Amino acid sequence: MAMDHLDQLEAESIYILREAYKKLGKLGMLWSIGKDSTVLLWLAKKAFYGHVPFPFIHVDTKHKIPEMIAYRDRVAKELGLDLIVHTNWEAIHAGIGPDKGRLACCKALKTEALRQVVKQHGFDGLIVGVRRDEEGSRSKERVFSERTQDDGWDYTNQPPELWNQFKTDFPKGNHIRVHPILAWSELDIWEYIRRENIPIIDLYFAKNGKRYRSLGCACCTGQIESEADTLDKIIEELKHTKTGERAGRKQDQEDAYAMQKLRKEGYM
Amino acid sequence: MDEKLKQEGLHIVVVGHVDHGKSTVIGRLLYDTDSLPQGAVDKVKRIVRETGKPFEYAYLLDAFEEEQKQGITIDTTQIQFVTKKREYVIIDAPGHKEFLKNMISGAANANAALLLVDAKQGVQEQSKRHGYMLSLLGIEKVYVVVNKMDLVDYSEEVFHKVAEDMKAFLEPLGVKPLRYLPVSGYQGDNIAAKSANMPWYDGPVLLDSLDLLEASKEILDKDLRLPIQDVFKFDDRRIIAGRIEAGKLAVGDEIAIYPSGRRTVIQSIAYWQERDKKERALAGESTGIIVRDEFFNQRGEIITTPGAKAPHVSNRLRASIFWMGRNPLRKGSTYKLKLATQEVEAEVADIVKTIDAANLDSREGAKELRLNDVAEVILSLKEAIAFDVFQEHQATGRFVLVDGYDVAGGGIVIAAEKADEGAGFAFVNGGIRARGDVFDEFYYDIESYNVTKVAAAVKKPYQVGDEIPRRGISYEYPADFDILILRDQVAVSVRQGRIESILPLADYEYSGRPLINGRGFGIKVYKAKELKEMLSVYRELASSHVEPRVKAAFANRYFFLNQYRHLQFYFDYVI
């Protein structure tokens, strides 16, 4: 009868989503098509009883794995999502790409693109599916994390966040990054997907001895050796793995503090 | 493994003085039990390789470049960890005084705490301050961990001395540590495995000690507390949403909603997926209920069961607070108080005493609190809210104070003070009461670019027959006009500068006189028909969830500044 670990995480995430909806003005949810944002979509449906009262935003770098885009369009249509797709065309036309350096590419096609879409739509709150166990700078995040007009994150002076009283007062022009699944681990995500029977893109399931553990741009996202072609096998694999979730994400490897540097400027 | 996940998780915070080894002990514990996300270990190995520094377990948690370079923890982090018995969330908290707000952010989420003390340095200022914060935050399950035993030759004598010192400080605070453990995080003594260096210690090692903690189940046996978070009207259902903070509820239960105390019955519990359909909901769940009687409900109200001990309803309370703000808290100043889902303006009516958390000395007569100060205060609220005493109900007995844009203080309710009758109300006529900022001054602060409202000096509510002030610094009203206080649904008629009547808005008839709202803004309504239309739009907005922009559009459509109410330029309105 008592709540288990996944029930606790789910209840907390729903509380956070409802708080964002009630307290922040214009709200949008970043949707990367991956497992985390798919769980986030599911939680939003639960929180608002089948309704999703805000638009979804996909920052399309035009370098994504092609299956992701096909999946995105199909799911958005099936669920009737209000989907905003945004690309930093200016940067692409200027020739920015992974060959110009990975951090510069991420900065232009993800960070800057995100900044453009936030400005364009005047979002006060952006729901993002980052998790503490993904990497170091995310481990230190707040649930409601303020970003300045130019997307800056003052991580050495974060506000107190206690008793689920989140940061809901901030100057016009700034926005809040809302992190409803911050406390979830990679394993929690998969166990929840299994428990709730959540449909998920099949790039995560092994084919010919390889699978994606984390999804991103085709150029910078590697596959792992794996035979896990079912949810049970993925969960079993993760319990024994010795490599990091984002080991296949090349932008993380550019510098020991790459993520901290990217995120300070607005990266998700 | 799957059986384990069925167990409720436990949140454990690790606190103590700076450099007493909190991050190292946690890093070691996680490393020895093979429970680290591998990405973290890979990254630390890489940093070690790139910088030529020795491997530090603390780097596993101190992820920021600044933290690793300076060798200190700046911000709190949380990490999951699994033992044979259950799932844990370990919370690392900074020990440096400068980052006390980050320590509190971490500790406020914990069910239990490890208070670390360096065996060589003994009990230090932050050991005490953190011990005090644990008592204030209501964390009763505490282990004192005496670390760096390797630096004192694993001396039993030193261990007992440090343990005694800590005990002497904690006991008067009501913190009774369940256990004292001698360890070395750096060497791994008594962390995951028994140390051969301390044969004199026959208790469990740190890892096993965690499993001996019992999760508290009493929250389920308490009286129901469900603060309303939002009211949804996405379809034909009207769902009252919120998280159950204590107790449980079931379909068919009678409920009482405070502050009003109105009663109704739970008709059903909302769900989306068929598998979530249920007849009962428990503490900890984010739920949504549909009730039999549709009266006006709103965020902030607290639902409980009739017959159970009701929450207090008052506009005055006594509290212990800790201050984390850059600017001092001043007696007489107002802050936004957030308690569960309620928000209300709170004035610091009195600073009863300040307490030095490092030696427990208390002092009376302070006029202000500075960063990291702890005090007992009386808060006077702009309107009555429902709340509990912290000792009885934690979630509805604690609050934060917001100064400008920032959460600057936290507090726990010690007692409800006798309500200041009529305080918080601008107009009273028997049982008809209305709030209103009609006589408050509105300043445009040229330093901060914000509009600030300063409460009128007169605290006593106006009654029928009273003369009202028609001219202030930022307002000027005609001799004859009507005030429509929409949120309280009350109409006040003023004739020849005196209050002629205070009526429920439902009984009010349009008089053709100028109309202003509860804040002193003019209302763009000039016919009875227009008034009817406006009131019906307002009721629709007030009874359902709408975005702020929709409310703003309503305000722009119907209210105007610059005739009765204007903004006065000001800088430094703190007088």
Side-chain angles (χ1 to χ4, degrees), chain A residues 1-8 10-15 18-19 21-22 25-26 45-51 53 132-137 139-140 142 155-156 158-165 167 169-171 183 185-188 191 196 239 241-247 252 256-257 260, chain B residues 1 5-9 37-40 42-43 46-47 50 63-66 74-80 87 89 101-102 104-105 108-109 217 220 229-230 232 234 239 241 243 270-273 276 282 284-286 288 299 324 336 338 395 398 400 402 404-407 410 545 547-549:
Chain A
M1 199 62 204
M3 296 172 82
D4 68 17
H5 176 67
L6 290 179
D7 294 331
Q8 285 180 327
E10 180 191 73
E12 180 70 18
S13 300
I14 289 175
Y15 185 84
R18 289 175 174 175
E19 207 60 10
Y21 176 53
K22 180 69 186 177
K26 186 159 183 183
K45 287 249 179 198
K46 275 208 180 190
F48 305 108
Y49 301 104
H51 303 266
R132 282 205 182 92
D133 76 329
E134 279 182 278
E135 55 83 32
S137 70
S139 76
K140 301 269 176 176
R142 294 288 189 264
Y155 61 89
T156 56
Q158 298 199 77
E161 186 168 80
L162 56 156
W163 302 327
N164 282 313
Q165 297 294 358
K167 173 115 186 152
D169 301 280
F170 52 95
S185 68
E186 185 185 12
L187 191 57
D188 295 330
E191 288 183 328
E196 300 281 316
K239 283 179 183 169
T241 184
K242 283 291 151 209
T243 49
E245 179 182 1
R246 294 180 64 91
D252 292 36
Y257 302 105
Q260 174 179 336
Chain B
M1 179 80 181
L5 290 177
K6 296 264 180 328
Q7 283 254 359
E8 202 173 359
Q38 269 296 326
D42 295 345
K43 197 172 153 184
R46 175 168 178 189
I47 288 160
E50 284 177 10
F64 286 143
E65 186 173 6
E66 290 79 354
I74 292 173
D75 214 333
T76 180
T77 185
Q78 306 188 2
I79 197 156
Q80 282 195 26
E87 186 105 10
V89 175
K101 67 180 167 66
N102 295 342
I104 290 167
S105 295
N109 295 314
K217 293 273 178 254
L220 292 174
Q229 191 179 7
D230 204 347
F232 298 145
F234 295 119
I239 301 169
R243 185 173 53 190
Y271 61 94
W272 170 50
Q273 293 281 291
D276 295 328
L282 306 175
E285 286 184 49
S286 284
R299 178 182 166 97
M324 304 176 279
K336 186 201 282 183
K338 294 166 88 174
R398 61 193 181 193
V400 297
V402 181
Y405 295 124
D406 304 318
V407 169
H545 184 108
E547 284 186 44
R549 77 186 56 228

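Lettering follows sequence order; numbering is per chain, from 1. Owing to the predicted nature of the structure, the values given are computational and were not obtained by experimental measurement.
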Which atom of [X] lies closest to which atom of [Y], heavy atoms considered:
X	Y	result
S286(B)	A11(A)	OG-O, 2.7 Å
Q158(A)	K101(B)	O-NZ, 2.6 Å
E12(A)	R243(B)	OE1-NH1, 3.1 Å
D169(A)	K336(B)	OD1-NZ, 2.6 Å
D230(B)	Y21(A)	OD2-CD2, 3.7 Å
P159(A)	S105(B)	O-OG, 4.3 Å

For the pair E87(B) and Q8(A), evaluate side chain to side chain contact (heavy atoms under 4.5 Å, CB included) and give the outcome as yes or no after the intermediate values.
CA-CA 12 Å; E87(B) 186 105 10; Q8(A) 285 180 327; over 6 Å; no

Donor-acceptor pair, distance only, cut-off 3.5 Å: does the side chain of Y49(A) make one with the backbone of F232(B)?
no

Under 3.5 Å donor-acceptor, Q80(B) side chain and A183(A) backbone:
yes

Where on [X] is there a heavy atom nearer than 4.5 Å to chain B: the side chain, the backbone, both, or neither?
X	answer
E19(A)	both
K167(A)	side chain
P53(A)	side chain

Euclidean distance, [Y] [atom2] relative to [X] [atom1], rounded to 0.5 Å:
X	Y	atom1	atom2	answer
I239(B)	F48(A)	CD1	CZ	11.0 Å
D7(A)	E285(B)	CG	CD	7.5 Å
D276(B)	E196(A)	CG	CD	6.0 Å
I104(B)	E161(A)	CD1	CD	14.0 Å

Before giving the answer on side chain to side chain contact (heavy atoms under 4.5 Å, CB included), spell out for R132(A) and V89(B) the whole-Å C-alpha distance, their side-chain angles and the decisive distance to 0.1 Å.
CA-CA 12 Å; R132(A) 282 205 182 92; V89(B) 175; over 6 Å; no

Name the option with the most non-hydrogen atom pairs under 4.5 Å to chain A; the candidates are R398(B), R299(B), Q273(B).
R398(B)

Option that, when pairs with chain A are counted at under 4.5 Å, heavy atom only, ranks first among G284(B), A395(B), G410(B), G404(B)
G284(B)

Any idea which of Q165(A), E10(A), K46(A), K26(A) has the most non-hydrogen atom pairs under 4.5 angstrom with chain B?
Q165(A)

Checking heavy atoms, do the side chain of [X], its backbone, both or neither come under 4.5 Å from chain A?
X	answer
V402(B)	side chain
Q78(B)	both
F234(B)	both

Assess whether side chain to side chain contact (heavy atoms under 4.5 Å, CB included) is satisfied between K22(A) and Q229(B), documenting all intermediate values.
CA-CA 8 Å; K22(A) 180 69 186 177; Q229(B) 191 179 7; 5.7 Å; no

